[in-house]
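One structure is given here, and the rest of the page talks about it.
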Amino acid sequence: MLHGLLHSLGQALARYLSRPHASIQTGMPTERAALASCLRPGDVLLVEGNSRVSSVIKYLTQSTWSHATLFVGPSLGGQDAHGDPCLFIEADLVDGVCKRSLAYYQHYPTRICRPIGLTDADLSRMLTEITGK
């Protein structure tokens with residue numbers, strides 16, 4: 001009984017914190033086609049979110065970026081509700097670990113972080129672990 005109540009309370013709090021908040025974005029949303037042409041599997045996409053929890057993260061870390069997602073590419077498989085291919089994997093406060101399309105990030109300022117020193121073998125092993133392919 002108590003476990004169920006705490007779970008429900010936690011879910012309600014997560015939904016509240018994930019709602020968009022009228023925060024000031026410091027950058028302009030990244031043009032989708034330009035972003036798509038630059039991304040490579042293994043890249044980390046930093047996102048300037050606009051939710052309540054994003055505002056708290058940006059304040060506490062003194063950073064522009066509140067979220068990070070991993071670009072896997074088309075090998076991830078699946079589509080979003082609009083038929084766009086899922087290309088990213090991320091952890092979400094409400095949904096848990098999930099797949100996302102590029103369209104999901106089209107209204108947010110973003111920055112690409114490319115790993116240095118990641119070998120092709122390590123990248124291949126990582127993508128195999130994620131996709132199961």
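No experiment lies behind these values; they were computed from the predicted model shown. Scope of the values below: all heavy atoms of this structure, side chains included, with no hydrogens, waters or symmetry mates.
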Please check if [X] and [Y] belong to a single hydrophobic cluster, counting links between Ile, Leu, Val, Met, Phe, Trp and Tyr side chain heavy atoms closer than 4.5 Å.
X: Leu127; Y: Phe71; result: no
X: Val56; Y: Leu93; result: no
X: Val97; Y: Ile130; result: yes
X: Leu123; Y: Ile89; result: yes

Might you point out which heavy atoms bring [X] and [Y] nearest each other, and give the distance in Å?
X: Trp65; Y: Glu48; value: CE3-N, 3.6 Å
X: Lys99; Y: Gly77; value: NZ-O, 3.3 Å
X: Leu76; Y: Leu87; value: CD2-C, 3.8 Å
X: Asp92; Y: Cys98; value: CB-SG, 4.2 Å
X: Ala103; Y: Asp80; value: CB-OD2, 4.4 Å
X: Ala91; Y: His67; value: O-CE1, 3.3 Å

What side-chain donor-acceptor pairs closer than 3.5 Å can you find for residues 39-47, not counting sequence neighbours?
unit_1: Asp43; atom_1: OD1; unit_2: Arg114; atom_2: NE; d: 2.9
unit_1: Asp43; atom_1: OD2; unit_2: Arg40; atom_2: N; d: 2.8
unit_1: Asp43; atom_1: OD2; unit_2: Arg114; atom_2: NE; d: 3.4
unit_1: Asp43; atom_1: OD2; unit_2: Arg114; atom_2: NH2; d: 2.7

query = In Å, rounded to the nearest 0.5 Å, how long is the span from CZ of Arg125 to OG1 of Thr119?
reply =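 So the CZ of Arg125 and the OG1 of Thr119 are separated by 6.5 Å.
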
query = If you round to the nearest 0.5 Å, how far is OG of Ser51 from CD1 of Ile57?
reply =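 Here the interatomic distance stands at 7.0 Å.
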
key: More than 12 heavy atoms of other groups within 6.0 Å of Glu31 CD   =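 Count over threshold, so yes.
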
Heavy-atom donor-acceptor pair, Thr128 side chain to Ser124 backbone, under 3.5 Å =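 Looks like yes, one N/O pair under 3.5 Å.
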
message = Quick one: does any side-chain atom of Lys58 pair with a main-chain N or O of Gly49 as donor and acceptor, under 3.5 Å?
response =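 Checking the backbone N and O of Gly49 against the side chain of Lys58, a donor-acceptor pair under 3.5 Å is found.
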
message = Do Ser101 and Asp84 pair up side chain to side chain, a donor and an acceptor below 3.5 Å, judged on atom types alone?
response =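 Asp84 and Ser101 do not have a side-chain donor-acceptor pair below 3.5 Å.
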
request  = Scan side-chain atoms only and decide if Tyr104 and Thr69 contain a donor-acceptor pair under the 3.5 Å cut-off.
outcome  =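 Tyr104 vs Thr69: no donor-acceptor pair found between side chains.
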
Name of the residue among Leu70, Leu102, Val72 meeting side-chain contact (heavy atoms from CB on, under 4.5 Å) with Phe88 =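 For Phe88, the side-chain contact (heavy atoms from CB on, under 4.5 Å) check succeeds only for Leu102.
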
